[in-house]
Amino acid sequence: MSPSLAENLLDWYQDHARSLPWRDNPDPYNVWIAEIMLQQTRVETVLPYYDRWMTQFPALDSLAQATQQEVLSAWEGLGYYSRARNLHRAAQIVMDELDGKFPQDVKSLRRLPGIGRYTAGAIASIAFGLDEPALDGNIRRVFSRVFDVRHLARSKESEAQLWQLAASHLPAGRAGEYNQALMDLGSLICTPREPDCSACPLNKHCQAYFLGVQAERPLRPERKSLPHHIVGSAIIERAGQVLIAQRPQDGLLGGLWEFPGGKIEPGEDIAAGLKREICEELGVEIEIGPAYGVYQHAYTHFRVTLHAFLCQLDGRQPQNLYHTSLAWTEIPSLVDYPMGKIDRQISNALIDLPRSLAPEI
DNA sequence: CAAACGTGGAC
DNA sequence: TGTCCAAGTTT
């Protein structure tokens, strides 16, 4: 009798498993942090963040006791910041409501914020040794090829079929290894472009390879083009300090700090639009000074071109009409506030070129 | 349930 | 240079 899919896979994994820090000691906390960081994020990107995180927040209690600003600063640059806010909240829930005991089954894991179907299965199988499936992007691709799934990727039909496949081939008692082996296989061999089918331990099982259609699986839906927004931002300076604002908790870059401003309406003059935004957000008129750079950035669902300006207030105090909070800060202290990429670039420019704030000096 | 949610790297 | 992609979750 020829070896099963799981047998071939696990044999391969024994020799080819990647050495990763969270695999050294796969306790629930380590696996949880790694799984959240790895959501929609490459392993190479995660590695330095994971190491710093474990130094700063070595266990559940230290994470629960940290401030949200500390957590967001540790996360800065990783993106999808709700992951960090949810990790922090979940750590506090476990400490305060669950007596410090991390949930140990899929159903209770999924009650924690930020843990969905995939992550619950991953933690349950890897950290607790339970026979649970975990379907991520790699495993979707592997199974879409091995079983020649012809439904459109992410459709209801393909999701149902793939979760069924992920569950139906689990080797009893070795689900954690199996799930990780599938992910390593997807990452190393069964790659999105030019999979290395000749080196694949599953090529004898692979229907797409047999049919020569592996490059066309999974079946991808068409993508829409991204909208492009023009944004104005005000670097409001007063007595050697600049005004920064903390974004609302929900939505884009929630909880991070920014230079206030906003979207310019189509056809609107940039300076006029920036004055309007500042008036809406801070209830004050500004005088717009020298331009301070044009910044291009692509988010997941839109692109922006951001125009920054050095600005002065009209003498009145800004009111907080939109943000979580406002702060006046010395320029060197901007490093202490978590920010998204563009505002970090602006901050770094200010730190590197402080004289440009006071060109008369 | 379609849309929102970041960023960096490969081609 | 623009597009695609990468260990998903939430609303």
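Below, read A as the first sequence line, B as the second, and so on, with proteins coming before strands; counting in each chain starts at 1.
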Between F102(A) and W32(A), ring centroids under 6.0 Å:
yes

**Request:** Quote, to the nearest angstrom, the P distance that separates dT9(C) from dG8(B).
**Result:** 23 Å

When rounded to whole Å, the CZ to P distance for the pair R89(A) and dT9(C) reads 15 Å

Nearest-nucleotide check on DNA chain C, N86(A) vs R23(A); residue mapping nearer the 5' end is R23(A)

Closer than 4.0 angstrom, basic N to acidic O: yes or no for E159(A) and R140(A)?
yes

task = Would you indicate what L20(A) reaches in the nucleic acid, counting non-hydrogen atoms under 4.0 angstrom: base, sugar-phosphate, or nothing?
result = base

Is I115(A) touching bases, backbone alone, or none of the nucleic acid, heavy atoms closer than 4.0 Å? sugar-phosphate

Notebook entry, point to check: Is it true that F57(A) and H88(A) have ring centroids separated by less than 6.0 Å?
Noted result: no

R140(A) atom CZ is separated from dA7(C) atom P, nearest whole Å, by 10 Å

Separation of dT9(C) atom P from W32(A) atom CH2, nearest Å, is 14 Å

Practice item. Have a look at W22(A) and say if it touches a base, only the backbone sugar-phosphate, or nothing, with a 4.0 Å heavy-atom cut-off. Key: base

Between CD of Q296(A) and P of dG2(C) the distance, given in whole Å, is 9 Å

When rounded to whole Å, the CD1 to P distance for the pair I189(A) and dA7(C) reads 14 Å

Below 4.0 Å: OP1/OP2 of dT3(C) and any side-chain N or O of R303(A): yes

In whole angstroms, the gap separating C1' of dC5(C) from CG of D136(A) amounts to 13 Å

Requested in this report: Determine, using ring centers only, whether Y299(A) and H297(A) are less than 6.0 Å apart.
Outcome: yes

- request: Between dC11(B) and dA7(C), how far apart are the P atoms? Round to whole Å, please.
  value: 15 Å

Taken to the nearest whole Å, CZ/R223(A) to P/dC4(C) is 6 Å

Heavy atoms only, 4.0 Å cut-off, all strands: where does R18(A) land among base, sugar-phosphate and nothing? base

Quiz item: Are any of the side-chain heavy atoms of L256(A) and Y337(A) separated by less than 4.5 Å?
Solution: no

Query - Atom CD of E216(A) with >12 non-hydrogen neighbours under 6.0 angstrom - result: yes

P atoms of dT7(B) and dA3(B), separation to the nearest Å | 22 Å

Q.
Do Q69(A) and W257(A) pair up side chain to side chain, a donor and an acceptor below 3.5 Å, judged on atom types alone?
A. yes

Checklist entry - Between R174(A) and Y178(A), is NZ or CZ placed under 6.0 angstrom from the six-membered ring centre and within 45° of the ring axis? => result no

From CZ of R111(A) across to P of dT9(C) the rounded distance in Å is 17 Å

The residue, R154(A) or D250(A), whose nearest nucleotide of DNA chain C is more 5′ is R154(A)

Reading nucleotides 1-11 of chain B from 5' to 3' and marking B where a protein heavy atom lies under 4.0 Å of the base, S where only the sugar-phosphate is that close, and - otherwise, the string is S-SBBBBB---

Heavy atoms only, 4.0 Å cut-off, all strands: where does R117(A) land among base, sugar-phosphate and nothing? sugar-phosphate

